[in-house]
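None of these values were measured; they are calculated from a predicted model. Reckoned from all heavy atoms, side chains included, excluding hydrogens, waters and symmetry mates.
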Amino acid sequence: MNSSEPRRPDVTTVEIIGGPEALEVGLGNYDARWAEVYLHHRRRILDALAAVDVDVEHIGSTAVPGLAAKPIVDIVVAVADITAEEDYLDGLLAAGYELRVREPGHRLVRTPTRDVHVHVYERGDAAVHEYLLFRDHLRTNADDRALYESVKRALLSQQWNDMNDYADAKNDVILAIKTRARATRQ
């Protein structure tokens with residue numbers, strides 16, 4: 001899509017394909033193989049979207065050496081237009097990923113084994129910046145890395161009927177860490 005073409009409206013609702021899912025994986029110690037999994041999927045994504053200008057980054061806890069994490073590799077892909085799904089979604093589905101979430105400004109595809117989540121946003125979306133800010137800060141700040149890990153361990157000692165509820169429960173500590181990350185950058 002070129003910049004002179006009118007943009008179509010984005011979706012206005014949250015569609016979670018398959019409904020809520022219980023959190024069934026626990027926290028594991030950092031595994032250097034997560035970086036290899038990311039690189040494999042980065043190549044797979046770039047091959048699938050060869051005709052599209054995209055940015056691909058490893059995000060989430062598996063992108064932070066030394067941080068315990070659920071063994072799910074998160075990847076963010078930035079595209080020119082989130083509403084032009086034909087530019088990216090068809091290629092990702094053809095590459096073997098499955099659509100899990102379609103919501104305003106965000107699409108999530110994942111592997112059938114659910115061990116890789118690919119978050120698609122529009123280039124320039126604040127969410128991409130926030131992911132990278134958080135990742136980069138945790139990579140360099142041992143105190144916040146330890147704090148985040150301890151909160152995750154405490155939360156995972158509870159049962160979660162929906163993985164999204166677990167993610168939401170981490171919001172307060174994530175916001176506090178990002179506030180410190182912004183202050184550190186200034």
Side-chain angles (χ1 to χ4, degrees), residues 1-21 25 30-65 67 69-140 163-164 167-168 174 178 181-182 185:
M1 170 182 264
N2 71 45
S3 58
S4 64
E5 293 181 42
R7 289 177 52 93
R8 65 191 101 174
D10 195 5
V11 297
T12 58
T13 59
V14 176
E15 177 186 6
I16 301 177
I17 292 82
E21 293 176 341
V25 296
Y30 178 77
D31 187 336
R33 291 176 293 185
W34 291 333
E36 296 168 18
V37 171
Y38 160 70
L39 291 172
H40 168 78
H41 284 276
R42 182 179 196 281
R43 175 52 40 212
R44 186 171 160 185
I45 291 163
L46 291 172
D47 288 348
L49 303 180
V52 184
D53 179 26
V54 297
D55 301 320
V56 182
E57 291 278 351
H58 189 185
I59 59 168
S61 294
T62 62
V64 181
L67 180 61
K70 296 183 313 299
I72 299 171
V73 173
D74 285 292
I75 299 171
V76 67
V77 175
V79 298
D81 182 356
I82 195 73
T83 69
E85 289 185 356
E86 68 279 4
D87 289 349
Y88 63 87
L89 191 55
D90 295 344
L92 291 171
L93 298 178
Y97 298 99
E98 299 175 342
L99 182 61
R100 171 67 174 148
V101 176
R102 179 184 280 121
E103 63 185 334
H106 175 239
R107 308 299 184 267
L108 172 68
V109 298
R110 64 184 181 185
T111 55
T113 53
R114 302 178 184 174
D115 63 338
V116 176
H117 291 180
V118 180
H119 303 266
V120 182
Y121 289 93
E122 194 162 289
R123 187 172 285 115
D125 190 301
V128 175
H129 171 76
E130 294 294 306
Y131 281 128
L132 298 177
L133 173 75
F134 190 65
R135 177 201 70 189
D136 293 347
H137 181 75
L138 289 180
R139 283 177 171 175
T140 61
M163 239 172 119
N164 295 309
D168 291 344
I174 290 171
K178 286 195 293 191
R182 282 188 196 85
R185 281 196 170 177

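Once rounded to the nearest 0.5 Å, the distance linking CH2 of Trp34 with OG of Ser61 reads 8.0 Å. How far CG of Asp74 is from OH of Tyr38: 12.0 Å, rounded to the nearest 0.5 Å. Considering CG of Asp115 and CZ of Arg110, their distance stands at 10.5 Å, rounded to 0.5 Å. Distance check: Glu36 CD to Arg33 CZ gives 8.0 Å after rounding to the nearest 0.5 Å. Once rounded to the nearest 0.5 Å, the distance linking OH of Tyr121 with NE2 of His129 reads 14.0 Å. Distance CG/Asp87 to CG/Asp53: 11.0 Å, rounded to 0.5 Å.
Counting only heavy atoms from C-beta outward, the side chains of His58 and Val76 never approach each other to under 4.5 Å. Here the side chains of Arg139 and Pro65 are in contact, with some heavy-atom distance below 4.5 Å. Using a 4.5 Å heavy-atom threshold, the side chains of Leu67 and Tyr30 count as separate.
Between Arg42 and Glu57, no side-chain nitrogen of the basic residue sits less than 4.0 Å from a carboxylate oxygen of the acidic one, so the salt-bridge criterion is not met. With respect to Arg107 and Asp10, a salt bridge is recorded, a charged nitrogen being found less than 4.0 Å from a carboxylate O.
Listed here is the closest heavy atom pair of Leu46 and Val56: CD2-CG2, 3.9 Å. Counting all heavy atoms, side chain and backbone alike, Ala63 lies closest to Arg135 at CB-CD, 3.8 Å.
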### Task
Start with the C-alpha gap between Leu89 and Arg102, add the side-chain angles, then the distance that decides, and say whether side chain to side chain contact (heavy atoms under 4.5 Å, CB included) holds.
CA-CA 11 Å; Leu89 191 55; Arg102 179 184 280 121; 3.6 Å; yes
#### Entry: Residues Ile82, His106; criterion side chain to side chain contact (heavy atoms under 4.5 Å, CB included); working and verdict
CA-CA 7 Å; Ile82 195 73; His106 175 239; 6.0 Å; no
### Task
Output, in order, the C-alpha distance, side-chain angles, deciding distance and verdict of side chain to side chain contact (heavy atoms under 4.5 Å, CB included) for Val77 and Tyr88.
CA-CA 10 Å; Val77 175; Tyr88 63 87; over 6 Å; no
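Of the candidates Ile45, Val120, Ile59, Val37, Ile45 is the only one forming a side-chain contact (heavy atoms from CB on, under 4.5 Å) with Ile75. Of the options Lys178, Arg185, Arg182, a salt bridge (Lys or Arg N to Asp or Glu O under 4.0 Å) to Asp136 is made by Arg185 and by none of the others.
For His137, the side chain to side chain donor-acceptor pair (under 3.5 Å) partners two or more places apart in sequence, or in a different chain, are Asp144. Residues that satisfy the side chain to side chain donor-acceptor pair (under 3.5 Å) test with Asp55, not counting sequence neighbours, are Arg123.
Ring-plane geometry between His119 and His117 is classed as perpendicular, the angle between the planes exceeding 60 degrees on a 0 to 90 degree scale with a lower cut at 30.
Sorted by first and then second residue, the salt bridge (Lys or Arg N to Asp or Glu O under 4.0 Å) pairs with a member in residues 89-100 read Glu21-Arg100; sequence neighbours excluded.
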